[in-house]
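Below is one structure, written out as structure tokens; comments come after it.
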Amino acid sequence: MRSITFLLLSGGLTLGLTTGCARRNFYQSDARLPATTPAGADSVWATAGRQYNRHGWLYGLLLGPHHRAVWAAPVRVPVLRLATAEPAAGPLTPTKLGGGFQSTSLTLHAADDRPYVLRSLDKDPSHILPFFLRKLFTANFIRDCTSAGNPYGALVVAPLAQALGVPHAHPRLFYVPADAADLGSAEANERLRGKLALLEEKYDGEKVRSPLVPQARKFVDDEQMRKRLYADPRNRPDQPALLRARLLDVLIGDWDRHAGQWQWAEMPDPARPGGKLFAPVPKDRDQAFFRISDGLVPWAMTRRFAVRHFVTFKRKFHDIPALTGQGRYVDQRALNLLSRRDFMAGAHYVQARLPDSTLARAVRCLPPAVYQLEGPRLLGDLQARRDNLPGVAKKYYELKARRPVVAGTEQPDHFVVARTPDSTTVRVYNASLGADSLFYQRTFYARETKRLTLEGLGGNDRFELSGHGLKIVIHAGAGQDVLRATSRRRLRYEPDSNGTLNKPEPTKKNERFENYDRLKDE
């Protein structure tokens, strides 16, 4: 709330001095450039959003150049025809309109029932404002912030992900005709007509197949994946694969990686018979190569005390906590086995797979006019960031190691924690695994870790702690849990209000009891 208030005051008031009330017709009426292409043509000349580049030097000084020239650059794109857009898959049939408060997305299904999604490049984020502000100058400012994103960034990210073995979509750019009437509903027709949009496959359900994850049986969202992890200790996320995907996020400056931006490929786990291994599939690259802090107002707006997570893509990395912060929940639960050595190995892997030639080919995926504006600069920035990735991976690891979380399952788990002043080793067992019931083990070091959280979740769990050292916080969850600790120093136990705690010693007066929602970020 503090960040939104600051954004409104700093940006809105400044913009109000120059623009007054919200413009009634803020957006371009048609992406197609007038008098450049005859009606019925297979391709058109168009712009992603030329309205962002119609201001003078004072406006640019205050609000920043962002990617305004890119949004106004003329690009030649094919016209969307649902019957032929995906020749190998057959005609596409619209099924569901979505997109939340900003972009418009349309789910489509091919003849073989594989899902696709059509997403508009331009957005209208003013809907996040209270209704009474949408007609004021504040709406102009909020809408104008869209120009901080590179509308064609996803075209560059796909070949980078391919080189790293990170599953990805294959976005293709289309122009939706201004007279489109076949998008499934009157609302869909109205919201997408005359716009540039990306068409890509959608990783959801059992119909999708990907050569990068050929063993995948289905694709599920983040919440579904976690339910499967908590239901069966044999199930686990592919942590090295997630690290590669997150290092790609860091490389391209994509700060918007919350849990809703991930799908997971479910496949048999060769290391755990009967178990499932979940490989991460990142989606939605709208914030790749984001550039916002190049004007006086957004520079002030994105300081650490304000909207810190809006991180500008630059040649030099900066503010790693902000750059990775939106993905902290994903990281916390699915990178908690990896050591410093693993992070460094991941960084060197990315460096080796992305030589200059690969980066150059990826940047060349930009439309020609956009490449002329951004290509050389973007390539140089990517090269510099790749070269400095090991140092960033070290900082990233140290950030993740500071307050790690180790989660059990909904079944009875046995946590064994051995503490010394220098290190703490955590082992988690589950009897359902048979003779080798260990399913998690890691040693945390006092020089890196300040607090360790254990989540018991469901079932009748046992927590056995020996020694003293690292601060331990236990969120026990429901069930009849047992805590045995040789020392209560730097130990906090928080049972679920629906559970029962059996402790060998009496409950202390200052013991804290509170509900704990494991699906909520700390």
Is the closest basic N to carboxylate O distance between [X] and [Y] below 4.0 Å?
X      : Y      : value
Asp249 : Arg285 : yes
Arg119 : Glu200 : yes
Lys207 : Asp112 : no
Glu266 : Arg228 : yes
Arg68  : Asp144 : yes

Taking the six-membered ring for Trp, are Trp255 and Phe310 parallel (under 30°), tilted (30 to 60°) or perpendicular (over 60°)?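 Trp255 and Phe310: tilted rings.
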
State whether [Y] and [X] meet the cation-pi test: NZ (Lys) or CZ (Arg) under 6.0 Å from the six-membered ring centroid, and within 45° of the perpendicular axis.
X      : Y      : value
Arg236 : Phe278 : no
Arg257 : Trp262 : yes
Arg385 : Phe317 : yes

Write out all pairs satisfying salt bridge (charged side-chain N to carboxylate O under 4.0 Å, His left out) with one or both partners inside residues 155-175, taking only residues at least two apart or from two chains.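 Passing the test, one end in residues 155-175: Glu86-Arg172.
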
Candidate pair Phe343 and Leu335, rule side chain to side chain contact (heavy atoms under 4.5 Å, CB included), full reasoning: CA-CA 10 Å; Phe343 270 70; Leu335 290 180; 4.2 Å; yes

Heavy-atom neighbours of Arg364 CZ exceed 12 at 6.0 Å: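 For Arg364, atom CZ is not crowded (no more than 12 foreign heavy atoms under 6.0 Å).
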
Distance only, no hydrogens: is a donor on one side chain within 3.5 Å (strictly under) of an acceptor on the other, for Asp256 and Gln261?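 The answer is yes; a qualifying pair exists.
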
